[in-house]
Asks: 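Mind having a look at this structure? Questions to follow.
These numbers were taken from a predicted model, which means no experiment stands behind them. Hydrogens, waters and symmetry mates are skipped; everything else that's a heavy atom, side chains included, is used.
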Amino acid sequence: MRRLALALCAFGIAAGAAGDPVAADPAAPGCTADRMEAAPLTVIEPCTAALRASDLSAEKRAELLFVRGRAHHRTGNLDLAEEDYEAALKLVPENEEIYLALANIDFRRGQDTQALERIQKAIAINPASPRVLRSIGAVFSSAGQADSALRFLNSALRIDSKEPYALLLRSQIYAQKRDYERALADADALVAIPPDEINRNAFLDNEGRQRDFHLVALTHRAGLHESMGNYDLAESDFDAAVAYKSSPFALLERGEFLAGRPGKEAAALRDLDAAIRAEASAPRAHYARGVALTNLRRYAEAAKAFDEAVKLQSPFPAAYRMRARVNLELGKSEAALQDFVTALRQDSTLMRQIMPALSGGGYWPSPEIPTAINAELRKAILKCLVDRKCS
């Protein structure tokens, strides 16, 4: 199941501003939370202008700084966002939402210790905040402690049953546990939140790009249906996502799904070609395009698609493994071997996966995992690759 939204995203930027949301008023024309949520770039200049006033109260200045900081955050300017958050925090040091926003930046930079310190401060200020609770849940989830994560996520959702990050993360954890009934119930609740409401919460993916949260909800549920083998329901959700917003993200998600469905490859290529025209540097799109072309036996075109995928992303073991398969079909056995060895070096689990076939096929004397990829092992792998019964 594809999962764009990982635990990191559950530290999403807080929905509310410091104190009460900034309402439209003569002191801050255009610097409002509502406008920031709809079009973050448009509030930066109005907020900057409003902050030049010398007669602002500490609370009002903090509100304006937080709105501008969130706009910078949502548009990927983390340094400027941090500056505004820190300035706001000096004025209103007892606001847990600012600590959570700063923790989000810390986690994205890999500064886990500092992020946890921020979250602890947020807990001390408001331990009953659902956003604080789901942030703690995300910490436990990232640490692989699913049961502890669920306790905090459950608490968050008892306070706010529509807290979107908590619903998404709990659904993901249930899916990992193969408790699909509960995972789907949370996904249904997430999809049911109206787009205008759910998108008041910024959803930033792991690369810091803002995504439409309703699209994320639809594609997450589609992925659950796919994992459960409910392919018609999965396709229906992907169709709904594209109908709602035919963005490169939605087209890529549906194209990836269709690329692996027999008889759907041509439709997959239409989606993926459109996604690539909009975002040519998306390695996942080129990889999925290669998969669809491979299934259509258009091997030379598939090889070019995988070439683009590995050029754009490193490491990318799945793309190297697929290109190895394609090179075999094109009669390029040495190139296939080199690609497969590259995949082995990039993915530490792959050797364990192939050893039963190597040893069971008589190409390697022992099922034990080799400590090095030497000439003898390369010969064995090549023989196995050429033998369709082995590979």
Side-chain angles (χ1 to χ4, degrees), residues 5-22 33 36-37 59 62-63 65-67 69-70 73-74 78 81-82 84-174 186 189-190 193 197-204 206 213 216:
L6 301 176
L8 171 62
C9 303
F11 295 101
I13 306 168
D20 294 328
V22 179
M36 187 280 304
E37 286 158 359
E59 290 76 14
E63 289 176 353
L65 284 165
F66 194 43
V67 171
R70 291 169 65 210
H73 200 154
R74 291 190 181 202
L78 298 187
E82 183 181 33
D84 280 346
Y85 293 154
E86 293 284 10
L89 197 59
K90 290 178 181 177
L91 297 167
V92 285
E94 294 301 307
N95 189 284
E96 75 277 7
E97 301 288 4
I98 303 176
Y99 283 110
L100 293 180
L102 283 165
N104 182 284
I105 291 176
D106 291 336
F107 274 112
R108 290 180 184 281
R109 291 172 171 168
Q111 298 169 342
D112 293 1
T113 301
Q114 183 166 294
L116 292 172
E117 289 174 357
R118 310 259 204 201
I119 292 174
Q120 288 170 350
K121 289 177 181 176
I123 296 169
I125 294 168
N126 190 355
S129 163
R131 288 186 287 275
V132 170
L133 291 166
R134 54 97 159 143
S135 296
I136 303 169
V139 171
F140 279 112
S141 178
S142 296
Q145 300 180 42
D147 291 337
S148 295
L150 285 174
R151 286 201 300 274
F152 284 98
L153 295 172
N154 291 341
S155 296
L157 289 165
R158 278 194 292 270
I159 297 168
D160 180 358
S161 63
K162 295 198 297 183
E163 212 296 318
Y165 298 103
L167 283 170
L168 178 59
L169 186 53
R170 190 171 72 173
S171 180
Q172 291 172 339
I173 292 173
Y174 284 144
D186 280 348
L190 195 66
I193 301 173
E197 181 179 341
I198 195 172
N199 279 316
R200 291 179 65 86
N201 303 268
F203 185 95
L204 302 182
N206 285 343
F213 211 150
V216 171

Asks: Locate the shortest heavy-atom distance separating Leu167 from Ser161; write the atom from each residue and the value.
Replies: CD1-O, 3.7 Å

Asks: Mind checking ring pair (Phe, Tyr, Trp, His ring centres under 6.0 Å) for Phe213 and listing every partner two or more places apart, or none if nothing turns up?
Replies: Tyr165, Phe203

Asks: Could you go through the side-chain contact (heavy atoms from CB on, under 4.5 Å) check for Val67 and Glu63 one step at a time?
Replies: CA-CA 6 Å; Val67 171; Glu63 289 176 353; 5.6 Å; no

Asks: Can you pull out every salt bridge (charged side-chain N to carboxylate O under 4.0 Å, His left out) where at least one residue sits in residues 142-152? Sequence neighbours excluded, please.
Replies: Asp147-Lys177

Asks: State which residues pass salt bridge (Lys or Arg N to Asp or Glu O under 4.0 Å) with Glu82; sequence neighbours excluded, sorted by chain then number.
Replies: Arg109

Asks: Could you report the tightest heavy-atom contact between Ile125 and Pro93, atom names first, then the distance?
Replies: CD1-O, 3.9 Å

Asks: Could you measure the distance from the OG atom of Ser148 to the CD1 atom of Ile136? Nearest 0.5 Å is fine.
Replies: 11.5 Å

Asks: Restricting to side-chain hydrogen bond (donor to acceptor under 3.5 Å, both in side chains), what partner residues turn up for Asp112, sequence neighbours left out?
Replies: none

Asks: Dump the intermediate steps for side-chain contact (heavy atoms from CB on, under 4.5 Å) on Leu89 and Phe66, then the final yes or no.
Replies: CA-CA 9 Å; Leu89 197 59; Phe66 194 43; over 6 Å; no

Asks: Work out which heavy atom in Ala62 is nearest to a heavy atom in Val92; give both atom names and the distance.
Replies: CB-CG2, 3.6 Å

Asks: Heavy atoms only: give me the nearest Ala103-Ile119 pair and the separation to one decimal.
Replies: CB-CG1, 3.9 Å

Asks: Identify, with sequence neighbours excluded, every residue that meets salt bridge (Lys or Arg N to Asp or Glu O under 4.0 Å) alongside Glu86.
Replies: Arg118

Asks: Once salt bridge (charged side-chain N to carboxylate O under 4.0 Å, His left out) is applied, what residue pairs with a partner in residues 152-168 remain, sequence neighbours excluded?
Replies: Arg134-Glu163, Lys162-Glu197

Asks: Provide the closest heavy-atom pair for Glu37 versus Arg70 in the form atom of the first, atom of the second, distance.
Replies: OE2-NH2, 3.4 Å

Asks: Go through the structure and list residues passing ring pair (Phe, Tyr, Trp, His ring centres under 6.0 Å) with Phe140, not counting sequence neighbours.
Replies: Phe152

Asks: CG/Leu150 to OG/Ser141 distance, rounded to the nearest 0.5 angstrom?
Replies: 8.5 Å

Asks: If the condition is side-chain contact (heavy atoms from CB on, under 4.5 Å), which residues does Ala122 pass it with, not counting sequence neighbours?
Replies: Glu96, Tyr99, Leu100, Val132

Asks: How far does CG of Leu153 sit from CG of Leu169, to the nearest 0.5 angstrom?
Replies: 5.0 Å

Asks: With sequence neighbours left out, write down each residue that passes salt bridge (Lys or Arg N to Asp or Glu O under 4.0 Å) with Lys90, or none if nothing qualifies.
Replies: none

Asks: Only counting residues at least two apart or in another chain, list the ones meeting side-chain contact (heavy atoms from CB on, under 4.5 Å) with Asp84.
Replies: Leu65, Arg68, His72

Asks: Check Arg108 against Leu78 and note the closest heavy-atom contact, atom names and distance.
Replies: CB-CD1, 4.4 Å

Asks: Please name all residues satisfying side-chain hydrogen bond (donor to acceptor under 3.5 Å, both in side chains) with Gln120, sequence neighbours left out, ordered by chain then number.
Replies: none

